[in-house]
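Take a look at the structure below.
A note on names: the letters A, B, ... follow the listed sequences, proteins ahead of strands, and every chain is numbered from 1.
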Amino acid sequence: MFKQKQNPNIHTISILVANKPGVLVRCAQVFARRGFNIDALVVSATVNPEFSRMTITAQGDPGTLDQIIKQTSKLVDVTHCSEHTGIDSIDREYALVKIKHSPSSKIALNKILKKFHANVIRTEKGVAIIEQSGTTQELDELEGLLKKFGIIEMVRSGKLVMVKGRQAT
Amino acid sequence: MNGAEALIHCLENFGVEYIWGLSGGAAIPIFDALVGSKIKLILVRHEQGATHMADGYARATGRPGVVLVTSGPGATNTVTGIMTAHMDSVPMIVLTGQTISPMLGKDAFQESDIFGITMPVVKHSYLVKVTNDIPRVIKEAFHITNTGRPGPVLIDLPKDVTSAPFTGDTLDPKMDIPGYQVAGKGNLADIKKMAKMFKGAKRPILLVGHGAVISRAGEAIKQLAYKLNAPVTNTLLGKGEFPETDPLSLGMLGMHGTAYANLGLTRCDLILSIGSRWDDRVNGNPAKFCIGAKKLHIDIDEAEIGKILQPDAYCIGDARLIVEELVKHVEPCDTNEWLAELNSYKKKHPLKFKTDKGLSAQYVLHELQELTQGRAIISTDVGQHQMWSAQFNLSINGRKWISSGGAGTMGFGFPAAIGAQFGCPNDLVVAVVGDGGFQMTLYELATVFIHKLPVKVLIIDNKYLGMVRQWQELFFDNRLSGVDLEGNPDFVKLAESYHVKGVHIDKPEHARERLKEALDYKGPVVIWAEVIKEGNVFPMIPAGKSAYEMIIEPPNASQKLEKPTGST
């Protein structure tokens, strides 16, 4: 489950875009045309309401990535596009996991959740919904451990990235 | 004032002379606003023709061409023309009518999502939702289409948006394109690094592409070539920006380029591309392109740097400004031996053709060259005639050679010639077309007749889709498939039925005289040249191969050639 960290074909790209119709499709087309599969895509507000931030996790040939970044950068509505390696930046994901739950598994579950700073946010009729935020690796790890309880479904936000230090992402 | 009137007002303010278009329900308010405007509306017979006319106008003048069509099929008929302009970096504004905004996405009559359909082939596009946005959108569109690397901009205009009253404060608002930046004069350190690379170069070559034409870098390139004493080759679209008649010119390189240009590639120790994108017609195989030579790249589009091959030095910005600066920093190279070597190739492998087997296409084009001496604007279609014209119609001015390069759009040549003639009314404009491509857009004969445009259409009729036939002959055991244009019309009669003069050439003896008669005629002429059917274009570098594997002479019939691996 930790292959994301090792796989050189997985990239995290941050794109700052002007809030204009079609900008998401234009960016996605650049990735698709060059054979990149988008694993996760987050579009979110920035402090300036005229701009949005897109954070894309995508798989593809590293040699092609430079070309994709340049082609994305040249889109009229794109202000900035860059890859983040995790060395210059921090990244976090958020997950909701719905698992089978019974009183007998409560202690074992709580032990695991504590280790991962995850919380039960709702329980009912044999079901618990758990929230977790952390690195992709931590989310993958918890998912692995929760499997034994029986995962009914899982929703993940996709990665958010922010550059370290004073400079903007 | 309604939205459509505001739109036309803005177009007038941008100096638009012509709009090429075809009307329809969703565009009626815009056509209505054109009544009484100083912009001249040119009604075409098919929307594709309108886009190629705007394209030819833009290439000949450097000013963006404007197209106006209706929604649905009217809009989708422009897609080929938009793609053609996009591939060759041509400024163009395409205005499409659209169904009323409450009906968007509801499969309304003649609704097409043209904003979505064209997204991959435009530089930028708009779907206007608010009438008062029209002036800003037009201003941005004109800025975007013809700055940096030019390209088409599409503006989709719902009918309710163009019909509603315009209540904005100004027709000249501020632009709002924070993400759009245009590269300028280039970084001086980058230019100096390139200049250093020339030190000690014994066999340099300058490669002139379309970017040089767009930025009008010709004079600067001349200075650079003369100072370095370096030979110059050009791409198909770079023809003429450095005169092909200059002793330093090697003519066109690439798949059907001259033998001496391509042999030069195999021997050079440095190549500087000025506004070319190392296209596959040029490099054949990037891994085997100018092996061992230093590669230098000037381009206004950063995404072109390293796309096909990794340069040893590069500079991003306007070709003319960069070359003007580069000239100051280079020292003359010792190229006497190099130029002597290239001249020996010129002597050994000149472009040639047979004259003993009837009327050849090359002969007709050679005669055209003798009569025009590079002074005419030549607009070609796509295929064998295009390559022959590129080889034999030497160009001395980048704006006088118009051809669909990247897209290879058949049907382009004739309407593009019409657009060029609108833009340059005092020039002799010749459309060199094949019998295949001409039949894709020949209905625009009506347009030349109505507007009394003296365009000359030279049809090189070999009754085949000749380039594909050539490939089938050389690489597919002459198994001809889908190339025989049986049933071609009598093109003279066809022209006459459109009230256009027709001239027929089928023998070498009368080629010169009839060509001259046609070129001297004061109105439009269709010149129907029936040429030998099985002519082939040589030299040829099979797709996917490099200049090292060029076929200079036609191979023997017994010689088996392997199928090309490269794209088309």
Side-chain angles (χ1 to χ4, degrees), chain A residues 11 13-38 41 43-56 58 60-83 167-169, chain B residues 86 89 101 104-105 113-130 133 136-137 140-145 147-156 158 174-183 277 286 297 299-310 314 316:
Chain A
H11 314 281
I13 299 115
S14 174
I15 312 173
L16 185 64
V17 300
N19 264 335
K20 305 276 175 143
V23 63
L24 172 61
V25 183
R26 287 185 216 272
C27 292
Q29 273 179 352
V30 174
F31 283 75
R33 185 74 182 138
R34 287 317 196 93
F36 269 52
N37 279 327
I38 293 178
L41 189 156
V43 184
S44 51
T46 65
V47 283
N48 183 341
E50 286 173 14
F51 293 91
S52 289
R53 166 81 55 195
M54 292 171 44
T55 310
I56 296 181
D61 167 35
T64 313
L65 182 68
D66 186 45
Q67 183 63 29
I68 287 185
I69 288 175
K70 285 179 185 168
Q71 290 195 334
T72 305
S73 300
K74 88 175 190 189
L75 293 171
V76 168
D77 290 334
V78 170
T79 304
H80 182 74
C81 175
S82 55
E83 190 200 8
Q167 83 206 77
T169 307
Chain B
H86 187 246
S89 311
S101 22
L104 285 174
D113 175 10
I114 198 65
F115 180 73
I117 288 169
T118 56
M119 221 177 243
V121 293
V122 294
K123 183 170 175 187
H124 197 52
S125 50
Y126 296 88
L127 169 55
V128 182
K129 295 272 184 68
V130 179
D133 283 347
R136 176 182 55 80
V137 167
E140 290 175 8
F142 271 88
H143 179 62
I144 290 166
T145 194
T147 51
R149 180 177 184 171
V153 176
L154 178 131
I155 305 170
D156 201 17
K174 275 205 178 99
M175 294 193 287
D176 177 27
I177 34 177
Y180 185 66
Q181 280 140 9
V182 177
R277 56 187 171 88
H297 195 177
D299 209 298
I300 200 158
D301 180 1
E302 190 181 356
E304 291 300 339
I305 307 296
K307 184 181 83 176
I308 302 296
L309 46 88
Q310 206 57 49
Y314 64 88
I316 298 159

Could you state the interatomic distance from OG1 (T79(A)) to CD1 (I177(B)), rounded to the nearest 0.5 Å?
11.0 Å

Measure distances from V153(B) to the heavy atoms of chain A and classify the residue's part below 4.5 Å as side chain, backbone, both or neither.
neither

Taking C-beta and beyond as the side chain, do R26(A) and S125(B) meet within less than 4.5 Å on heavy atoms?
yes

Would you give the length of the straight line joining atom CG of D66(A) to atom CD of E302(B), rounded to the nearest 0.5 angstrom?
8.5 Å

Side chain, backbone, both or neither: which part of Q71(A) has a non-hydrogen atom closer than 4.5 Å to chain B?
both

Should K70(A) and I305(B) count as side-chain neighbours, where that means a heavy-atom distance under 4.5 Å?
yes

Take a 6.0 Å sphere around CZ of F36(A) and say whether it holds more than 12 heavy atoms from other residues, nucleotides or ligands.
yes

Does some side-chain heavy atom of R149(B) sit less than 4.5 Å from a side-chain heavy atom of K74(A)?
yes

Heavy atoms of V76(A) and K123(B) approach each other most closely as CG2-O, 4.0 Å

For the candidates G148(B), G179(B), G116(B), P178(B), which exhibits the highest count of non-hydrogen atom pairs separated by less than 4.5 Å from chain A?
G179(B)

Are side-chain heavy atoms of H124(B) and L75(A) found at a separation under 4.5 Å?
no

Contacting moiety of D176(B), where chain A heavy atoms sit under 4.5 Å
both

